[in-house]
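Take a look at the structure set out below.
Along the sequence shown, residues carry numbers from 1. All ligand and atom numbering here is 1-based and tracks the order in the structure.
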Amino acid sequence: MKQVLGLILCMILLGACGSEQTAQPTEEVVKAEETKKDKASESKGDSMKEETESQKHADQQKKEKEELKKTEPMYELSNNWSFQPITSEGNAKVALLTIDDAPDKHGLEMAKTLKSLEAPAIFFVNGHFIDTPEEAAQLKKIHELGFAIGNHTASHSSLPDLTKQEQHEEIVGLNDRIEAIIGERPKFFRAPFGQNTEYSKHLAKEEGMLVMNWTYGYDWDKEYMTEKAIADIMVNTPLLANGANLLMHDREWTANALDDIVSGLREKGFELLNPDLIKTP
Ligand SMILES: [Zn+2]
């Protein structure tokens, strides 16, 4: 039993250090817990007690990890939807990549491209893209690749047109569904068309999600629906500034341009902002 406990502790410690791969250690901890439970059930006498202790241990570790994350935000959202450093280590010249209306046809491919470039991003998810087991599996994979998952509502409806109950279903209902798939609730919220309501802002806050629109984006504009055009404007727009919050979508031309967008931003000296460092409510 001590060996198993030691193993779990090792894995948790490794997990705490490897902050870039939070998904994997969690899985390993779960596996280790399962192994432990199997062993515990062999000696029936104190299996209940052991299980409670292991649960306590896991809860404690989870709490510590969450607290560590909470106390270390380095950036905050400003009034114009851009990001600014709040600690001296923060780099002002950052840009955040966000992919909305995911995971549709290109979301997973986009996540793989970004992963190969070591470029962090938030994928803002809609409920109608995670209805089937295949779609849910895509979301899970994107999360497992290390990307933050944001809430973009269940059906992409305009929130001001909805009743409170409908808005609740769109936002909290989707968080429940995302949690069932990836094991955690989103920390970021983006309203469809950027149309927030007082009630949706209240719900997001209650859910611990940071509400964000964006500073610029172009891929829904006909003029920019080619790989070349979108790659150029995303990097060379006059709107690119420190803390920029880039809106992109799960679209073919954007997927094809990602590589050039990431390298273009880096060539201009921008660091891509890791969503884990953003302060959330
Ligand atoms: Zn959208």
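- The atom of His152 nearest to the Zn ion (ligand 1) is NE2, with the search restricted to N, O or S atoms.
- Take the N/O/S atoms of His156: the one nearest the Zn ion (ligand 1) is NE2.
- Between Tyr216 and Tyr218, the ring planes are tilted. Angles from 30° to 60° get that label.
- In summary, an N, O or S atom of Asp101 is located under 2.8 Å from the Zn ion (ligand 1).
- Here His249 fails the criterion, with no N, O or S atom under 2.8 Å of the Zn ion (ligand 1).
- A donor atom on one side chain and an acceptor atom on the other are not found under 3.5 Å apart for Asp100 and His249.
- When each of Thr87, Asn91, Asn274 is checked for a side chain to side chain contact (heavy atoms under 4.5 Å, CB included) with Tyr75, only Asn91 meets the rule.
- Of the candidates Leu145, Thr98, Ile99, Ile99 is the only one forming a side chain to side chain contact (heavy atoms under 4.5 Å, CB included) with Phe123.
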